[in-house]
A.B. asks: 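Dropping the structure in here first, questions after.
By convention here, the first residue in the shown sequence is residue 1. We use all heavy atoms of the structure for the numbers below, so side chains are in, but hydrogens, waters and symmetry mates are not. If you're wondering where the values come from, they're calculated on a predicted model, not measured in any experiment.
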Amino acid sequence: MPPAYTQLKSTIKDWPLQKILYMALLGFSAGVPILLIFSTLSLWLSEAGVSKSAVTYFSWAALGYSFKFIWAPIVDKLPLPILSKVLGRRRGWLLLAQCAVIGSILWMASVDPIYGLSAMAFGAVALGFSSATQDIVIDAYRIECAEPKAQALLSSTYIAGYRIGTIVAGAGGLYLAYLFGSRPDAYIYSAWQNTYLIMALVMGVGILTTLYIPEPKDEGESAYPYATSSYVRFFLLFLLSVFVLIITYNYFPAVTINAGKFQLIADFLVGALQLFIALFVAVFVGVVGANYGLADKKMVIENYCQPIQEFFVRYGRLAIWVLLLVGFYRVSDIVMGAISNVFYQDLGYNKLQIANVTKVFGVIMTILGSFLGGFLTLKWGVIKVLLLGAGLSALTNIAFIGLSLLSATEPSINALAAVIAIDNLSAGLAVAVFIAWLSSLTSISFTATQYAIFSSLMTLFPKLLGGYSGTMVEGIGYSWFFIFTAVLGIPVMLLILYLNKHISIK
């Protein structure tokens with residue numbers, strides 16, 4: 001028997017096969033909700049006659065993923081009545097999050113956006129928040145359920161399950177809405193309602209998985225070392241800070257800057273400044289509250305201050321530049337993605353064509369791109385592939401101009417497939433190397449919290465800017481919009497080169 005075969009057989013024998021299956025199913029459960037508040041929802045709203053600017057504003061509902069680091073310590077440290085005792089530390093929170101996901105999907109299904117756009121927005125925000133909470137718990141479960149050498153395998157399996165979940169919610173959602181009879185020129189609310197009801201049922205896969213899988217490790221009383229009153233005070237201080245954040249952001253004095261052609265950029269900068277001020281005020285309230293005994297000061301420091309302090313001590317004056325790269329590396333892809341489905345529909349492609357090419361074929365290309373990114377990273381190193389991913393992600397957006405020209409008279413499936421192939425291969429490559437780099441940034445002492453911060457930050461600014469994509473398209477047209485998203489990649493590449501010169505990205 002060849003030695004290579006013997007070695008492969010021995011390696012497979014050591015694989016944690018049960019845990020691989022668990023992570024595939026949990027990945028599926030995590031992949032379903034995101035498109036229900038992103039591209040699938042954008043088509044529903046578009047068919048209902050909602051304007052492009054309002055449609056893309058709904059992408060902000062996914063900002064829960066970008067702020068999950070704020071409540072990650074709550075999920076990590078706070079015991080749940082009954083659930084934590086019966087199911088354990090991780091599974092209790094996982095079940096709660098999945099039930100909240102299902103409840104949010106049912107909420108959205110019960111609303112016709114023609115008559116209740118605000119109610120739909122609240123449902124989408126609730127889905128973003130609950131889905132991001134599910135992601136926090138799954139990440140913690142994956143890290144704790146297996147030894148470090150198995151993490152790469154479990155992560156790959158999770159990503160595969162996640163992509164399948166996005167196919168079901170993306171392509172499957174469009175198939176169902178089409179089969180139930182809704183069309184761009186003949187909107188039927190019940191078709192989309194039934195689609196979302198089925199998606200809520202699909203989330204049952206996650207519920208069953210959570211009830212079946214074992215708790216990753218039994219820590220007993222050591223999982224919750226503080227007194228019950230300390231957890232209650234910690235949670236109440238968190239709620240107070242969130243309340244202050246919402247009030248400060250919503251009632252911030254309106255500031256209007258007349259910037260002419262650059263009005264969108266000015267509005268974005270003002271909105272970002274308003275958000276940062278609200279965050280600062282919320283943090284200030286939390287610090288003051290901890291100092292005056294509203295919560296256990298030691299608990300607050302352990303969960304919020306030490307992970308951030310360690311990162312800034314480690315990187316010093318370069319820490320801000322590292323965070324800028326984390327926050328803007330995927331800006332070209334995400335800003336483009338907020339309007340992509342509406343763009344395809346405006347070119348004349350129907351839901352089945354969009355589902356087949358962008359949601360099924362496109363996801364397959366993304367998976368292949370991620371494998372390619374992993375292989376090239378091993379061969380060339382992180383810096384070269386980071387640069388390649390940033391450059392390709394920006395340049396491939398130009399290909400959409402060609403698609404609009406080729407489909408000007410009649411939609412071309414071959415042209416759409418070709419553009420989706422190069423775009424998704426590039427995106428998969430970029431995401432794979434970027435996640436590898438993010439993992440290298442974390443300290444072993446604060447892996448979960450720091451990774452939550454990085455994974456939140458990497459989508460925060462792109463999604464904020466993506467919310468304006470519909471307004472930009474209405475103002476400058478698709479071609480100039482695609483050029484704008486491509487140009488966004490230039491400073492990202494310069495930032496990679498600068499950081500590599502000073503900290504040697506590996």
Side-chain angles (χ1 to χ4, degrees), residues 16 18-19 21-30 33 64 68-106 126-127 129-147 154 158 200 203-242 286 290 293-304 306-307 446-449 451-452:
Q18 271 193 325
K19 293 172 183 177
L21 177 60
Y22 299 158
M23 291 315 304
L25 293 173
L26 290 176
F28 176 86
S29 180
K68 63 184 179 182
F69 68 91
I70 295 176
W71 68 92
I74 298 291
V75 175
D76 192 35
K77 299 296 183 181
L78 194 70
L80 291 170
I82 303 176
L83 286 178
S84 292
K85 186 175 183 179
V86 174
L87 295 177
R89 180 185 183 188
R90 298 306 181 194
R91 293 197 304 147
W93 270 102
L94 190 52
L95 182 63
L96 177 65
Q98 289 167 338
C99 289
V101 167
I102 292 174
S104 300
I105 296 174
L106 293 176
L127 182 55
F129 177 82
S130 54
S131 179
T133 303
Q134 179 186 223
D135 283 3
I136 293 170
V137 188
I138 292 176
D139 284 338
Y141 186 94
R142 182 182 70 247
I143 293 169
E144 295 175 358
C145 77
E147 62 277 9
L154 293 181
Y158 169 82
M203 279 298 299
V205 171
I207 297 285
L208 294 175
T209 302
T210 299
L211 294 175
Y212 180 77
I213 60 177
E215 185 70 5
K217 56 182 178 180
D218 185 10
E219 297 177 296
E221 295 297 325
S222 64
Y224 304 110
Y226 293 91
T228 302
S229 60
S230 296
Y231 291 112
V232 172
R233 288 159 52 209
F234 183 64
F235 183 62
L236 291 177
L237 180 59
F238 169 76
L239 290 181
L240 175 62
S241 298
V242 171
L294 294 182
D296 190 310
K297 187 174 180 180
K298 181 181 177 182
M299 184 185 292
V300 174
I301 291 174
E302 284 180 357
N303 290 284
Y304 283 103
Q306 289 183 358
F446 307 103
T447 304
T449 302
Y451 192 84

A.B. asks: A side-chain contact here means heavy atoms from C-beta on lying under 4.5 Å apart; do L26 and Y141 qualify?
C.D. replies: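 L26 reaches Y141 side chain to side chain.
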A.B. asks: Kindly indicate whether the side chain of I102, heavy atoms from C-beta on, has any atom under 4.5 Å from the side chain of I207.
C.D. replies: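 Yes, at least one pair of side-chain atoms sits under 4.5 Å.
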A.B. asks: Hey, are the side chains of M203 and S29 touching, using non-hydrogen atoms and a 4.5 Å cut-off?
C.D. replies: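 Yes, their side chains come closer than 4.5 Å.
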A.B. asks: Any side-chain heavy-atom pair from D139 and K68 closer than 4.5 angstrom?
C.D. replies: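 D139 reaches K68 side chain to side chain.
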A.B. asks: I138 versus M23: any side-chain heavy-atom pair under 4.5 Å?
C.D. replies: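 They are in side-chain contact.
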A.B. asks: With a 4.5 Å limit on heavy-atom distance, are the side chains of V242 and W71 in contact?
C.D. replies: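 The answer is no, as the side chains (C-beta and beyond) never meet within the 4.5 Å cut-off.
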A.B. asks: Less than 4.5 Å apart, any side-chain heavy atom of P214 and any of Y22?
C.D. replies: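 With C-beta onward as the side chain, the pair touches.
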A.B. asks: Do Q306 and I301 have side-chain heavy atoms sitting under 4.5 Å apart?
C.D. replies: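 The answer is yes, as the side chains (C-beta and beyond) meet within the 4.5 Å cut-off.
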A.B. asks: What are the two closest non-hydrogen atoms of R90 and V75, and how far apart are they?
C.D. replies: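 Looking at all heavy atoms of both residues, the closest pair is NH1-O, 4.2 Å.
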A.B. asks: Over all heavy atoms of both residues, which pair between P33 and V101 is shortest? Give the atoms and the distance, please.
C.D. replies: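 In terms of heavy atoms, the two residues are closest at CG-CG1, 3.8 Å.
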A.B. asks: If we ignore hydrogens and angles and just use 3.5 Å, is the side chain of S130 paired with the main-chain N or O of L127 as donor and acceptor?
C.D. replies: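 Judged by distance alone, yes, a pair lies under 3.5 Å.
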A.B. asks: Is it the case that the side chain of W93 and the backbone of L78 share a donor-acceptor pair, with hydrogens and angles ignored and the cut-off at 3.5 Å?
C.D. replies: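 Present.
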